[in-house]
Structure formats: C-alpha cells, structure tokens
Q: 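To start, I am sharing the structure in question, which I have written as structure tokens.
What's counted below: heavy atoms across the whole structure, side chains too, no hydrogens, waters or symmetry copies. Residues: numbered from 1 along the sequence shown.
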Amino acid sequence: MHSDVAKVLLTADQISARVKELGQQITADYQGKKPVMICILKGALHFMADLTRAVELPISIDFMAIS
C-alpha cells in the first residue's frame, strides 16, 4: 500500500464485480439503443475501459478534458 493511503476501502475484486453489475444494468437499460459513453480524461480512462468491456451493446465512446 502507498504511504499516503490510510486504508483500502474496496478491493480490486469488489470494484471489478461492481463494474460488471453496472455493465449489465447499462445493457438492460439501453437495449435496442446505441449509447454514447463520455470519459473524463485524466482519471477515468481505466474505469471507462473496464466498463465499456462489460456493456454488451454497440456503443460510441468520446473523451472530454476539463480543468
């Protein structure tokens, strides 16, 4: 663990399971549609990559940089 982290709140397995659940929910909610998923750069890329793999729909992905 990094010295600046007091404690881990969620394990990698818990996060992975939740991302899978979110992917299934998005798939169910947007069935028959082609959603556009927008990723905020500098922080969400790895999460978005995992989430898009969990969604079983044709999707478009776009990125946004904010400051």
Side-chain angles (χ1 to χ4, degrees):
M1 185 174 348
H2 297 284
S3 62
D4 60 338
V5 175
K7 68 178 180 175
V8 174
L9 300 178
L10 300 169
T11 66
D13 289 338
Q14 289 173 309
I15 294 169
S16 181
R18 182 63 178 136
V19 168
K20 184 177 178 180
E21 290 172 10
L22 289 170
Q24 292 170 344
Q25 186 65 51
I26 291 168
T27 300
D29 289 349
Y30 290 91
Q31 200 59 244
K33 300 177 181 172
K34 188 177 178 188
V36 177
M37 299 180 77
I38 301 171
C39 177
I40 304 300
L41 291 175
K42 302 283 185 180
L45 180 60
H46 295 287
F47 168 75
M48 177 64 89
D50 291 342
L51 182 59
T52 57
R53 283 191 288 268
V55 175
E56 297 179 18
L57 294 171
I59 58 171
S60 296
I61 303 171
D62 207 347
F63 297 91
M64 177 184 286
I66 60 173
S67 58

Q: Do you know the tightest heavy-atom contact between Ala54 and Thr27?
A: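 Closest heavy-atom pair between Ala54 and Thr27: O-OG1, 4.2 Å.
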
Q: Heavy-atom distance under 4.5 Å between the side chains of Leu9 and Lys7, does that happen here?
A: yes

Q: Are any of the side-chain heavy atoms of Phe63 and Leu45 separated by less than 4.5 Å?
A: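 Yes, side chains in contact.
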
Q: Write down the atom of Pro58, the atom of Pro35, and the distance for their closest heavy-atom approach.
A: O-CD, 3.7 Å

Q: Taking side chain as C-beta onward, heavy atoms only, is Leu57 less than 4.5 Å from Lys34?
A: no

Q: Within the structure provided, determine whether Ile26 and Ile59 are in side-chain contact (heavy-atom separation under 4.5 Å).
A: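 When only atoms from C-beta onward are counted, Ile59 and Ile26 do not touch, as no gap falls below 4.5 Å.
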
Q: Report, as yes or no, whether the 6.0 Å neighbourhood of atom CD on Glu56 holds more than 12 heavy atoms from other residues, nucleotides or ligands.
A: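 No.
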
Q: State plainly whether one hydrophobic cluster holds both Leu10 and Leu22, where clusters connect Ile, Leu, Val, Met, Phe, Trp and Tyr through side-chain heavy atoms under 4.5 angstrom apart.
A: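 Yes, one cluster joins them.
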
Q: Please determine whether residues Met64 and Phe47 belong to a single hydrophobic cluster, defined as Ile, Leu, Val, Met, Phe, Trp and Tyr linked transitively by side-chain heavy-atom distances below 4.5 Å.
A: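 They do not share one cluster, since no chain of ILVMFWY contacts under 4.5 Å joins Met64 to Phe47.
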
Q: Hydrophobic clustering (ILVMFWY, side-chain heavy atoms < 4.5 Å, transitive) - are Ile40 and Val55 grouped together?
A: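 Each belongs to a different hydrophobic cluster.
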
Q: Below 4.5 Å, heavy atoms only, C-beta onward: do Glu21 and Gln25 meet side chain to side chain?
A: no

Q: Working to the nearest 0.5 angstrom, can you tell me the gap between Ser60 OG and Ile38 CD1?
A: 10.0 Å

Q: Distance from Met48 atom CE to His46 atom NE2, nearest 0.5 Å?
A: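 That separation rounds to 13.0 Å.
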
Q: Using the rule that two of Ile, Leu, Val, Met, Phe, Trp, Tyr join whenever any of their side-chain heavy atoms come within less than 4.5 Å, decide whether Ile61 and Ile66 are in one cluster.
A: no

Q: Report the distance from atom CG of Leu51 to atom CE of Met37, rounding to the nearest 0.5 Å.
A: 3.5 Å

